[in-house]
Amino acid sequence: MTRFLASLGAAATWVGLGLQLYILLVGPMGPVSGTWRFIAFFTVLMNLFAAIMFTWALVNPVFSVPRARLQSAVAVNMTMVGGPYILLLEKLWSPQGLQFVADKLLHYVTP
């Protein structure tokens, strides 16, 4: 069951990150500014850490205390990112198309 949940989490997170990176790379800012903007968001950084944790759990399902501490830290940070976004920022814009999918994956599915 651990591997199944880890694979779902890893897939959702990596797809969301990939979509967001793609959107920024092909956007009007260009690849350099798009990459810089991609890594500048705390949401992206926390989702990157979550993707690494999901992938780690998928590759090595043996539970360990250091991994549990890292997972807890990522979960707290994801809550700190997702909560304010859902409560305050989501109402300020309405993403369309691929941006909508990336937004939902990074702010709802992964956390």
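Since we're looking at a predicted model, the values are computed, not measured. Reckoned from all heavy atoms, side chains included, excluding hydrogens, waters and symmetry mates.
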Can you confirm whether [X] sits close enough to [Y] that some side-chain heavy atom of one is under 4.5 Å from a side-chain heavy atom of the other?
{"X": "Asn47", "Y": "Met78", "value": "yes"}
{"X": "Asn77", "Y": "Phe42", "value": "yes"}
{"X": "Leu48", "Y": "Trp14", "value": "yes"}
{"X": "Leu106", "Y": "Leu17", "value": "yes"}
{"X": "Thr35", "Y": "Leu25", "value": "yes"}

With the 4.5 Å side-chain cut-off for hydrophobic clustering, are [X] and [Y] part of the same group?
{"X": "Met46", "Y": "Val76", "result": "no"}
{"X": "Ile52", "Y": "Val59", "result": "no"}
{"X": "Leu89", "Y": "Ile86", "result": "yes"}
{"X": "Leu24", "Y": "Trp93", "result": "no"}

Handout entry: Phe49 atom CZ: more than 12 heavy-atom contacts under 6.0 Å
Key =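 Count not over threshold, so no.
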Exercise for the section: Give a yes or no on this: more than 12 heavy atoms of other residues, nucleotides or ligands lie within 6.0 Å of atom CZ of Phe100. Expected result: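 Atom CZ in Phe100 is not crowded, with 12 or fewer foreign heavy atoms closer than 6.0 Å.
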Problem - Asp103 side chain to Gln99 backbone, donor-acceptor under 3.5 Å - result: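 Checked: no pair found.
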Handout entry: Side-chain donor/acceptor of Arg37 to backbone N/O of Met29, under 3.5 Å
Key =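 Pair absent, no side-chain N/O of Arg37 close to backbone of Met29.
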Practice task
Heavy atoms only: give me the nearest Gly16-Ala102 pair and the separation to one decimal.
Solution key: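 Nearest pair, atom of Gly16 first, then Ala102: O-CB, 4.0 Å.
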Problem - Shortest non-hydrogen separation from Lys104 to Glu90 and the atoms involved - result: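 Nearest heavy atoms, Lys104 then Glu90: NZ-OE2, 2.9 Å.
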Problem - Hydrophobic cluster partners of Leu98 (side-chain heavy atoms under 4.5 Å) - result: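 Members alongside Leu98: Val15, Leu19, Tyr22, Ile23, Val26, Val101, Leu105, Val109.
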Practice task
Could you grab the distance from atom CG of Leu58 to atom CG of Leu5, nearest 0.5 Å is fine?
Solution key: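 Those atoms lie 11.0 Å apart.
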Problem - Worked check of side-chain contact (heavy atoms from CB on, under 4.5 Å) between Phe54 and Leu8 - result: CA-CA 9 Å; Phe54 281 129; Leu8 286 178; over 6 Å; no
